[in-house]
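Following: one structure in structure tokens, then a few remarks.
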There are 2 protein chains.
Amino acid sequence: MGKQMTEMLKGTLEGMILAILAVRPAYGYEITARLRDEGFSDIVEGTVYAVLIRIEKRDLVDVEKVPSEKGPPRKVYSLNAQGGEYLEEFWGTWSFLAERIAQLRQHIENTQETGE
Amino acid sequence: MGKQMTEMLKGTLEGMILAILAVRPAYGYEITARLRDEGFSDIVEGTVYAVLIRIEKRDLVDVEKVPSEKGPPRKVYSLNAQGGEYLEEFWGTWSFLAERIAQLRQHIENTQETGE
DNA sequence: CCTGACTACTCTGTACTACTATCTACCACT
DNA sequence: AGTGGTAGATAGTAGTACAGAGTAGTCAGG
């Protein structure tokens, strides 16, 4: 994983996982696989589990143990009301940051064009 | 500063500062003030200086001491070639992440509409 | 003239938190 | 016994927050 990406994931990975859970409940291994499919190719499983444990402790998700055909039972996480609120906050924070950064980028492009 | 914002700044603040320097050279105090103007109202000076020292050590910027009318001499930072490359990388990483997150958000909205 | 208050400016040290790497361990089927 | 799905622990690295110190000018009041 690139160093820049690693740092950027701090503060966003948690939100992304909550967002995934907002679509539908899922378990750790599945979430890892989905993230990998979406291009976060070398995300570490341990990282995802750490996030899941954290959000469970903060009571942002409900947990249900479901037996799987292979291996130990899955822990299926689903977003609860509190988690929904937290996710809303996340979108707010993210939007703010993304807008500022887009602005900065725009500013640079204008500068280069006009040679300010 | 909100906890979520604090975490999100990890990995992005550095890029933002480089982006500011890409527009024109600047010194620490000035950068802090500009960030504050743009809405990052409670960013701490010490945080900015830490980033500046780091990017100087990594040789992403050139430094010039300029006497100021008030107070100690300013350290004016300007982006060098290597810093420019690094900033390009940053935009790449950021774009990737921002796109995925936008996709996730879109997905949630669609889910809510159609009740998938 | 001198002192103290205020502003501009830089830098340092400690604490907190998140992600990574690596490893352990469990379970079921072949 | 081996393979693949599944969960978790631990130690290490790195970035930001916060608090505070230090330096160098200006200006008001005595």
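Just so it is clear: chains get the letters A, B, ... in the order the sequence lines come, proteins before strands, and each one is counted from 1.
- Hydrophobic cluster membership differs between V44(B) and L9(B), with clusters built from Ile, Leu, Val, Met, Phe, Trp and Tyr side chains linked at under 4.5 angstrom.
- In this structure, the OH atom of Y49(A) is 15 Å from the C1' atom of dC23(C), given to the nearest Å.
- At a threshold of 4.0 Å, the pair R74(B)-E64(B) does not count as salt-bridged, since none of the basic side-chain nitrogens sits closer than that to a carboxylate oxygen.
- Taking the 5' to 3' direction, DNA chain D first and last meets chain B under 4.0 angstrom from a heavy atom at dG15(D) to dG25(D).
- Whole-Å rounding puts the E7(B) CD to dT17(C) P distance at 9 Å.
- For an aromatic pair to be called close, the ring centres must be under 6.0 Å apart, and F40(B) with F96(A) satisfies this.
- The CG atom of L13(B) sits 16 Å away from the C1' atom of dA18(C) (whole-angstrom rounding).
- Side-chain contact between L21(A) and L60(A) is absent, with no heavy-atom pair separated by less than 4.5 Å.
- R74(A) has no side-chain polar atom (N or O) that falls below the 4.0 Å cut-off from OP1 or OP2 of dC27(C).
- Between K65(A) and P73(B), the one whose closest nucleotide on DNA chain D sits nearer the 5' end is K65(A).
- A donor-acceptor contact closer than 3.5 angstrom links the side chains of E14(A) and Y86(A).
- G28(B) comes within contact range of the sugar-phosphate backbone alone, with a heavy-atom separation under 4.0 Å but no base atom that close.
- Counting heavy atoms from C-beta on, the side chains of R36(B) and S41(B) never come closer than 4.5 Å.
- Taking the nucleotide of DNA chain C with the nearest heavy atom to each of G46(A) and T12(A), the more 5' of the two is matched to T12(A).
- Straight-line distance from the CD1 atom of I53(B) to the P atom of dT10(C): 11 Å, rounded to whole Å.
- Contact annotation for L52(B): no contact, since no heavy-atom pair falls under 4.0 Å across all strands.
- Using a 4.0 Å heavy-atom distance criterion, T47(A) is classed as a base contact.
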